[in-house]
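Excluded from the calculations below are hydrogen atoms, water molecules and symmetry mates; all remaining heavy atoms, backbone and side chain alike, are included.
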Amino acid sequence: MSTTIPTFKCVLLDIEGTTTPISFVHERLFPYVTNNLENFLNENWNSPELQQKVQLLREQAIKDVNNNLPDAILIPESNEMDEIKHFIIQNIKWQMEIDRKIGSLKSFQGFMWESGFELGELKGEIFEDVLEAFKRWKGEFEIQIFIYSSGSINAQKLIFKNSDKGDLLGYIDGYFDTSIGSKLEKSSYVKIAKEIQIEPNEILFLSDNVKEIIAARSAGYQTAIIEREGNAPLSDDDRKNNIILSDFLQIFSHASFQKSS
């Protein structure tokens with residue numbers, strides 16, 4: 001009697017719109033930063049870690065100005081503490097308004113979110129099917145699970161550790177952020193495959209972002225677009241050229257991801 005087993009040894013997962021509702025990111029995480037920036041700076045100003053994050057923002061701002069990025073805001077080195085805080089707030093809000101996916105901003109956001117999770121002011125939201133899929137991938141098939149998100153690795157861990165489904169860190173084998181490269185570049189997925197030492201064609205990448213899917217597929221990955229409520233609408237070509245899933249559990253019965261043994 002034949003049984004079906006996955007065609008992949010590893011899943012690589014996006015977070016926003018894939019494991020977690022987009023609304024959580026845009027209506028809870030992002031506003032938490034913008035609404036609490038001033039108080040957070042005041043309460044943590046003497047923290048060496050905060051000053052390190054600020055220095056990263058400052059260095060990025062200099063690069064932005066040198067690269068003639070429109071509306072870039074410098075963060076001065078000054079003895080006037082209130083002046084520095086003012087420009088930090090303006091810089092971060094400007095970057096968030098244009099939805100930048102850049103390391104210095106993501107690092108600062110993650111630092112603030114860590115405080116919010118520790119205080120119980122934030123709790124990660126995970127779709128119901130994600131936990132069930134994690135259990136089956138690990139329990140039935142020994143599939144490795146990795147996360148690849150534009151959010152910092154620290155922020156990724158916070159979401160899964162402090163989730164509304166409990167602490168999920170035990171299911172996850174590793175994390176990647178944009179320090180390995182842009183999620184829109186083929187080279188990033190090539191690097192990830194080399195780092196986890198799994199052949200690209202044995203990795204299944206799941207994301208709601210079509211451009212990310214194209215980049216991963218060009219590196220030889222298996223791919224599927226996750227279509228959740230609130231995600232960006234898909235075009236007719238997107239539907240024609242890709243496997244579309246509404247939840248992770250469909251993977252277990254989808255012919256494209258099964259082989260007989």
Side-chain angles (χ1 to χ4, degrees), residues 6 8-22 24-25 29-30 53 56 60 95 99-114 117 124-127 130-131 133-134 137-138 141-163 167-226 228 231 245 248 251 257:
F8 51 90
K9 294 181 179 179
C10 163
V11 287
L12 180 66
L13 305 173
D14 171 48
I15 292 180
E16 183 181 343
T18 301
T19 66
T20 297
I22 283 179
F24 171 69
V25 177
L29 289 184
F30 288 174
K53 306 296 184 188
L56 292 174
Q60 182 61 51
Q95 293 198 73
D99 196 23
R100 290 190 89 186
K101 313 289 188 186
I102 201 156
S104 58
L105 174 65
K106 295 300 179 182
S107 179
F108 190 94
Q109 289 173 324
F111 186 45
M112 282 195 66
W113 291 331
E114 182 175 6
F117 281 112
E125 294 182 22
I126 305 294
F127 290 113
V130 173
L131 176 55
F134 279 13
W137 281 329
K138 287 296 187 182
F141 304 109
E142 298 182 351
I143 298 292
Q144 294 187 63
I145 300 171
F146 291 88
I147 306 296
Y148 182 26
S149 173
S150 58
S152 67
I153 288 175
N154 184 51
Q156 296 172 32
K157 290 180 177 179
L158 288 170
I159 291 173
F160 289 103
K161 178 178 176 60
N162 304 279
S163 88
D167 184 348
L168 306 184
L169 294 185
Y171 293 101
I172 300 170
D173 295 280
Y175 305 82
F176 297 94
D177 59 19
T178 51
S179 63
I180 203 163
S182 166
K183 296 183 73 182
L184 305 182
E185 297 292 334
K186 171 185 175 181
S187 59
S188 303
Y189 298 90
V190 172
K191 290 176 185 176
I192 289 173
K194 288 181 179 178
E195 184 156 329
I196 63 178
Q197 299 183 338
I198 297 177
E199 291 298 317
N201 64 1
E202 294 179 322
I203 302 172
L204 172 61
F205 177 57
L206 304 177
S207 174
D208 66 309
N209 187 305
V210 177
K211 291 181 180 179
E212 295 174 5
I213 291 292
I214 292 171
R217 192 161 57 235
S218 70
Y221 285 37
Q222 299 182 58
T223 61
I225 296 175
I226 301 298
R228 307 277 196 184
N231 288 6
L245 305 173
F248 285 11
I251 294 168
F257 303 121

Measure the shortest side-chain to side-chain distance between [X] and [Y] over non-hydrogen atoms and say whether it is less than 4.5 angstrom.
{"X": "K106", "Y": "T178", "result": "no"}
{"X": "F108", "Y": "L56", "result": "no"}
{"X": "I172", "Y": "F134", "result": "yes"}
{"X": "Q60", "Y": "I102", "result": "yes"}
{"X": "V130", "Y": "Y171", "result": "no"}
{"X": "Y175", "Y": "L169", "result": "yes"}

When rounded to the nearest 0.5 angstrom, what is the spacing between [atom1] in [X] and [atom2] in [Y]?
{"X": "I15", "Y": "Q156", "atom1": "CD1", "atom2": "CD", "value": "4.5 Å"}
{"X": "E185", "Y": "K183", "atom1": "CD", "atom2": "NZ", "value": "13.5 Å"}
{"X": "T20", "Y": "F160", "atom1": "OG1", "atom2": "CZ", "value": "5.0 Å"}
{"X": "S150", "Y": "L105", "atom1": "OG", "atom2": "CG", "value": "9.5 Å"}
{"X": "I192", "Y": "S187", "atom1": "CD1", "atom2": "OG", "value": "10.0 Å"}
{"X": "N231", "Y": "I226", "atom1": "CG", "atom2": "CD1", "value": "9.0 Å"}

*Note: D173-K138 ion pair, threshold 4.0 Å (strictly below)*: yes

*asked:* Can you confirm if the aromatic rings of F127 and F248 lie within a centre distance of less than 6.0 Å?
replied: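 Centroid distance F248-F127: not below 6.0 Å, so no.
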
*Where do L131 and L168 land on the side chain to side chain contact (heavy atoms under 4.5 Å, CB included) test, with the steps shown first?*
CA-CA 8 Å; L131 176 55; L168 306 184; 3.7 Å; yes

_Derivation of the side chain to side chain contact (heavy atoms under 4.5 Å, CB included) call for V11 and W137_ = CA-CA 9 Å; V11 287; W137 281 329; 3.8 Å; yes

Between [X] and [Y] (side chain of the first, backbone of the second, donor and acceptor by atom type, cut-off under 3.5 Å), is there such a pair?
{"X": "T19", "Y": "I126", "answer": "no"}
{"X": "Y221", "Y": "Y189", "answer": "yes"}
{"X": "D208", "Y": "R228", "answer": "no"}

*May I have the step-by-step check of side chain to side chain contact (heavy atoms under 4.5 Å, CB included) for S188 and F176, ending in yes or no?*
CA-CA 10 Å; S188 303; F176 297 94; over 6 Å; no

_With V210 via side-chain contact (heavy atoms from CB on, under 4.5 Å) - residues at least two apart_ =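 For V210, the residues satisfying side-chain contact (heavy atoms from CB on, under 4.5 Å) (neighbours in sequence not counted) are I214, I225, L234, D238.
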
Taking all heavy atoms of [X] and all of [Y], pick out the closest pair and write down the distance.
{"X": "P21", "Y": "E125", "result": "CD-O, 3.6 Å"}
{"X": "F141", "Y": "P6", "result": "CD2-CD, 3.3 Å"}
{"X": "A155", "Y": "W113", "result": "CB-CE3, 3.7 Å"}

*Determine whether more than 12 heavy atoms belonging to other residues, nucleotides or ligands lie under 6.0 Å from atom NZ of K101.*
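For K101, atom NZ is crowded (more than 12 foreign heavy atoms under 6.0 Å).
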
*With a 3.5 Å cut-off and no angle check, do the side chains of S179 and D177 form a donor-acceptor pair?*
yes

Indicate every side-chain donor-acceptor pair of residues 198-207 with a distance under 3.5 Å to a residue at least two apart or in another chain.
{"from": "S207", "atom 1": "OG", "to": "N209", "atom 2": "N", "distance (Å)": "3.0"}
{"from": "S207", "atom 1": "OG", "to": "E212", "atom 2": "OE1", "distance (Å)": "2.7"}

